[in-house]
Amino acid sequence: MNKSEFYEFFKKIPKAELHIHIEAVMSRETIKKLYLKKNGKEFSDSEIKKLFSYSDLNGFIAAFLAVQDLFTSVSDFDLIFEDLKNYLIRNGVVHCEAFFAPSAFVKKGFDYGEMTKNFEKNLRKIKEETGITVWLLGDVSRTFGLENAENNYKLFKAHPFEGFIGIGLGGAESKGPSKEFGPVFKKALADKYHAVAHAGEDVGPESIWDALKICNAERIGHGITSVQDSELVKFLAENKIPVEVAPTSNVFTKKYVKKMEEHPVRQMFDKGIAVTIATDDPIFFGVELIDEYWNLYSKLKFSKSDLKQIIFNSFDDSFLSDEQKKEFKEKVEKNWK
């Protein structure tokens with residue numbers, strides 16, 4: 001298939017995306033609107049270019065926090081969810097499990113209860129307008145330490161809302177080792193929430209082991225350093241632990257992958273790991289979900305049948321019910337034919 005044929009075909013195939021941050025799906029137009037609202041002047045193209053210039057994970061996180069700082073009111077999230085809706089439609093995503101990170105907003109003085117009302121309203125709006133389901137995972141955030149993570153979890157528990165399904169551990173992996181966050185994961189799992197963790201993105205396989213053994217994470221975000229440890233690869237495959245891989249994100253942050261052709265996702269898939277493909281932060285890395293499938297097809301020698309399996313994985317590895325997974329996979333089969 002050439003590129004245009006590929007995009008036309010794969011847009012029609014239902015997909016789930018399981019690793020994406022809502023603040024990072026916004027369009028540049030939304031960034032300009034938020035900047036103008038906050039600063040009373042236009043955000044120049046040169047300033048935007050500078051914002052999106054970074055060479056490692058910590059630089060990206062600094063840019064992510066700078067974008068969050070543009071928000072001045074809870075109503076600004078309306079723009080984010082509108083951009084998210086359009087993104088999901090463009091990429092044929094029918095179910096999404098996305099992260100939101102409250103730390104920066106709470107520190108700015110936003111009322112978390114009001115945020116959840118906005119989230120619930122917008123999730124319902126997306127469902128009513130498109131049929132797409134979006135569920136949210138609250139990032140307890142390793143960047144600010146365990147105390148902040150536990151405070152975030154207290155907020156999540158005090159303000160549950162329709163569409164909130166659990167917690168995630170994101171942020172600067174080298175500054176917040178997975179093993180430090182076992183207590184907050186234990187509480188969330190005991191309260192019957194789901195729990196996932198970024199690990200093996202910017203730190204070696206020991207971070208993934210800690211996320212699994214200490215945090216009991218149900219899914220691993222990124223997980224690319226798993227290939228450095230054959231026992232870990234075997235453990236992930238045998239226990240069917242899903243790994244949410246975001247190839248372009250890993251190339252941008254440059255810690256372990258310098259170019260797409262070197263990405264270990266092919267090795268992970270071939271070793272039997274339940275790989276799903278996601279974008280992580282589309283606006284920051286200039287990539288959308290179908291782009292990532294094209295990268296696998298055109299640069300990493302994934303066949304169409306391989307990609308079909310990854311699409312099946314996206315539903316199997318989600319937190320949907322077994323019946324919902326079955327229905328979506330049947331739709332994949334129908335559209336594929």
Side-chain angles (χ1 to χ4, degrees), residues 1-34 48 52 64 67 76-100 119 121-137 163 244-252 260 265 275-300 302 304 307-308 310-315 317-318 320 327-329 331-332 334-336:
M1 298 175 80
N2 63 38
K3 188 172 183 179
S4 62
E5 291 171 337
F6 183 95
Y7 276 67
E8 182 179 0
F9 178 77
F10 274 86
K11 181 177 180 180
K12 296 175 183 176
I13 305 301
K15 295 173 270 326
E17 182 156 13
L18 308 180
H19 189 112
I20 191 167
H21 299 262
I22 63 169
E23 302 94 325
V25 189
M26 69 172 73
S27 63
R28 294 201 174 198
E29 291 72 25
T30 292
I31 289 175
K32 288 181 177 180
K33 287 178 183 177
L34 294 176
I48 290 181
F52 290 109
F64 189 92
V67 167
D76 291 338
F77 283 102
D78 292 341
L79 297 172
I80 305 309
F81 282 103
E82 184 67 19
D83 286 341
L84 175 61
K85 179 189 76 173
N86 293 331
Y87 167 87
L88 298 174
I89 292 170
R90 284 196 304 273
N91 288 276
V93 177
V94 295
H95 176 70
C96 179
E97 294 174 9
F99 298 101
F100 71 94
F119 293 172
K121 175 195 73 174
N122 277 296
L123 298 183
R124 188 179 300 116
K125 182 171 181 282
I126 290 173
K127 176 68 174 176
E128 290 172 351
E129 292 180 356
T130 68
I132 299 169
T133 53
V134 180
W135 294 345
L136 295 181
L137 293 149
E244 314 145 359
V245 180
T248 298
S249 172
N250 302 140
V251 173
F252 257 83
M260 186 62 67
V265 64
V275 167
T276 69
I277 296 301
T279 54
D280 196 10
D281 300 277
I283 184 65
F284 289 94
F285 302 130
V287 68
E288 297 200 350
L289 188 58
I290 298 178
D291 298 327
E292 292 290 34
Y293 278 94
W294 172 250
N295 285 331
L296 266 58
Y297 181 75
S298 64
K299 297 179 181 179
L300 287 162
F302 280 78
K304 284 188 289 182
L307 298 182
K308 184 181 180 183
I310 289 175
I311 290 171
F312 280 154
N313 289 352
S314 74
F315 294 110
D317 298 345
S318 74
L320 291 163
E327 289 176 4
F328 278 128
K329 288 164 68 178
K331 290 178 181 178
V332 172
K334 180 179 178 181
N335 286 38
W336 198 273

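Just so it is clear, the structure is predicted and the values come from calculations on it, not from any experiment.
- To the nearest 0.5 Å, the span separating CG on D317 from CD1 on I310 amounts to 10.5 Å.
- The shortest side-chain heavy-atom distance between K85 and I132 does not fall under the 4.5 Å cut-off.
- No more than 12 heavy atoms of other residues, nucleotides or ligands shown are found within 6.0 angstrom of CD on E8.
- Distance alone, capped at 3.5 Å, is enough to place a donor-acceptor pair between the N335 side chain and the K12 backbone.
- When all heavy atoms are compared, the tightest approach of Y297 to M1 is OH-N, 3.0 Å.
- In this structure, K127 and T133 have side chains that are in contact, with non-hydrogen atoms separated by less than 4.5 Å.
- Taking the six-membered ring for Trp and thresholds of 30 and 60 degrees, F64 and H21 have ring planes more than 60 degrees apart, a perpendicular arrangement.
- Looking only at side-chain heavy atoms (C-beta outward), N295 and P247 stay at 4.5 Å or farther from each other.
- K32 and E29 are not joined by a salt bridge, as no carboxylate oxygen comes within less than 4.0 angstrom of a charged side-chain nitrogen.
- In summary, of the residues considered (F10, W294, Y87), a side-chain contact (heavy atoms from CB on, under 4.5 Å) with L289 occurs for Y87 alone.
- The two residues R90 and E288 make their nearest non-hydrogen contact at NH2-OE2, 2.6 Å.
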### Message
With side chain to side chain contact (heavy atoms under 4.5 Å, CB included) as the criterion, how do V25 and L88 come out once you've worked through the C-alpha distance, each side chain's angles and the decisive distance to 0.1 Å?
### Response
CA-CA 10 Å; V25 189; L88 298 174; over 6 Å; no
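- L84 CG to E82 CD: the interatomic distance, rounded to the nearest 0.5 Å, is 9.5 Å.
- Side-chain contact check for I13 versus L307: every heavy-atom pair is 4.5 Å or farther apart.
- V67 approaches E23 most closely through the heavy-atom pair CG1-O, 4.3 Å.
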### Task
Output, in order, the C-alpha distance, side-chain angles, deciding distance and verdict of side chain to side chain contact (heavy atoms under 4.5 Å, CB included) for M26 and L79.
CA-CA 8 Å; M26 69 172 73; L79 297 172; over 6 Å; no
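- For the pair I80 and F100, the minimum side-chain heavy-atom distance is 4.5 Å or more.
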#### Entry: Steps toward side-chain hydrogen bond (donor to acceptor under 3.5 Å, both in side chains) verdict (D83, T30)
CA-CA 8 Å; D83 286 341; T30 292; 2.6 Å; yes
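- Close placement of the F81 and F119 rings is indicated, their centers lying within 6.0 Å of each other.
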### Query
Hey, mind stepping through S298 and K3 against side chain to side chain contact (heavy atoms under 4.5 Å, CB included) and telling me if it holds?
CA-CA 9 Å; S298 64; K3 188 172 183 179; over 6 Å; no
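- Remark: the backbone N or O of N91 is paired with a side-chain donor or acceptor of K15 at under 3.5 angstrom.
- Minimum interatomic distance between M260 and L300 (heavy atoms only, all atoms of both residues): O-CD2, 3.4 Å.
- Put simply, the side chain of F285 does not reach to within 4.5 Å of the side chain of D291, judged on heavy atoms.
- Between E244 atom CD and D280 atom CG the span is 9.5 Å, to the nearest 0.5 Å.
- Between T279 and E292 the shortest heavy-atom distance is CG2-CG, 4.1 Å.
- The minimum heavy-atom distance linking N250 with V245 is given by the pair OD1-CG1, 4.3 Å.
- Heavy-atom contacts from other residues, nucleotides or ligands closer than 6.0 Å to NZ of K304 number 12 or fewer.
- Taken to the nearest 0.5 Å, the CZ atom of F99 stands 10.5 Å off from the CD1 atom of I20.
- One finds the CG atom of L136 at 4.5 Å from the CG atom of L123 (value rounded to the nearest 0.5 Å).
- Side chains of F9 and W336 form a contact here, defined as non-hydrogen atoms less than 4.5 Å apart.
- Salt-bridge annotation for K125 and E129: present, with a side-chain N of the basic residue lying under 4.0 Å from a carboxylate O of the acidic one.
- No donor-acceptor pair under 3.5 Å is formed between the side chain of T276 and the backbone N or O of S314.
- Summarising the geometry, atom CZ belonging to F315 is positioned 9.0 Å from atom CG belonging to L18; distances are rounded to the nearest 0.5 Å.
- The side-chain heavy atoms of I277 and L296, taken from C-beta on, include a pair separated by under 4.5 Å.
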